[in-house]
Amino acid sequence: MTARARAFWMLMAGMCLAPLFWLGQLILGYWISALACYGNDHPTAVASADALRGAFGAFDAIAIAAGLIGFAISWSSFRATQEGERARFMAVWGLLSSVCFLIGIVFETIASLTVPLCAG
């Protein structure tokens, strides 16, 4: 892989890591909650609320780490580029998307750890 192609993929990773993990966090949270609480179109007992909270917590931690990695990649790319380059625009976009989606990830983490699993 050429240096230019590697730089492009690093910029893409910086822009896309936080949004993808935020989307994954929302989908996984909805899927696990729906499966645990309404498995057959009626409320069911959650076998182990602690296990579900652990799964949410683990994925939330991974999502936060991925968002921070995306921010670090974008920051590194921003510092490596010169004013007026197209890559600098992509790096700035990666910084902005990482920060905005990290805020969303943190709020979703707070919700997944504090809201009851099956409000009956």
Side-chain angles (χ1 to χ4, degrees):
M1 180 179 293
T2 66
R4 186 175 175 148
R6 183 178 179 278
F8 172 76
W9 286 110
M10 292 298 284
L11 287 166
M12 290 299 290
M15 287 190 311
C16 296
L17 274 174
L20 287 175
F21 275 85
W22 173 76
L23 181 64
Q25 185 184 34
L26 288 178
I27 291 171
L28 181 72
Y30 179 76
W31 179 68
I32 288 176
S33 295
L35 187 63
C37 298
Y38 298 99
N40 295 321
D41 291 337
H42 63 286
T44 58
V46 177
S48 174
D50 292 336
L52 288 177
R53 291 265 183 230
F56 282 135
F59 193 77
D60 291 342
I62 292 168
I64 289 171
L68 291 173
I69 290 169
F71 182 83
I73 290 170
S74 294
W75 180 254
S76 172
S77 298
F78 177 77
R79 302 223 354 140
T81 57
Q82 300 295 320
E83 187 74 33
E85 289 185 28
R86 291 180 195 164
R88 191 170 183 100
F89 172 78
M90 289 178 72
V92 169
W93 187 256
L95 288 169
L96 291 173
S97 76
S98 293
V99 167
C100 290
F101 282 98
L102 263 170
I103 292 169
I105 289 170
V106 168
F107 278 115
E108 180 64 25
T109 298
I110 292 168
S112 71
L113 296 177
T114 59
V115 174
L117 290 175
C118 298

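Values reported hereafter were calculated over all heavy atoms of this structure, with side chains retained and with hydrogens, waters and symmetry mates removed.
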Honestly curious: do F8 and M1 fall in one hydrophobic cluster under the side-chain, below-4.5 Å linking rule? yes

Using the rule that two of Ile, Leu, Val, Met, Phe, Trp, Tyr join whenever any of their side-chain heavy atoms come within less than 4.5 Å, decide whether F71 and V92 are in one cluster. yes

CZ of R6 to CG of L11, rounded to nearest 0.5 Å, is 10.5 Å

Show the nearest heavy-atom pair for residues G14 and S97, with the distance to one decimal. O-OG, 4.2 Å

Are L17 and W75 co-members of a hydrophobic cluster defined by side-chain heavy atoms under 4.5 Å apart? no

Could you tabulate the donor-acceptor pairs under 3.5 Å formed by side-chain atoms of residues 99-114, not counting sequence neighbours?
from: T109; atom 1: OG1; to: Q25; atom 2: NE2; distance (Å): 3.2
from: T109; atom 1: OG1; to: I105; atom 2: O; distance (Å): 2.8
from: S112; atom 1: OG; to: D60; atom 2: OD2; distance (Å): 2.5
from: S112; atom 1: OG; to: E108; atom 2: O; distance (Å): 3.4
from: S112; atom 1: OG; to: T109; atom 2: O; distance (Å): 3.1
from: T114; atom 1: OG1; to: I110; atom 2: O; distance (Å): 2.6

In terms of heavy-atom contacts, S74 and M15 come closest through OG-N, 4.2 Å

Any chance you could lay out the side-chain contact (heavy atoms from CB on, under 4.5 Å) test for R88 and E83, step after step, and finish with the verdict? CA-CA 7 Å; R88 191 170 183 100; E83 187 74 33; 3.7 Å; yes

ILVMFWY cluster, L26 and W31 together (side-chain gap under 4.5 Å): no

For T2, which residues count as a side chain to side chain contact (heavy atoms under 4.5 Å, CB included) partner, sequence neighbours excluded? R4, A5

Same cluster or not: are L28 and I62 linked, directly or through other Ile, Leu, Val, Met, Phe, Trp or Tyr residues, by side-chain heavy atoms under 4.5 angstrom apart? yes

What is the distance from atom CH2 of W9 to atom CD1 of I73, rounded to the nearest 0.5 Å? 13.0 Å

Please check this pair: side chain of S98 against backbone of A18, looking for a donor-acceptor N/O pair closer than 3.5 Å. no

Minimum heavy-atom distance A66-F21, with the two atoms named: CB-CD1, 3.4 Å

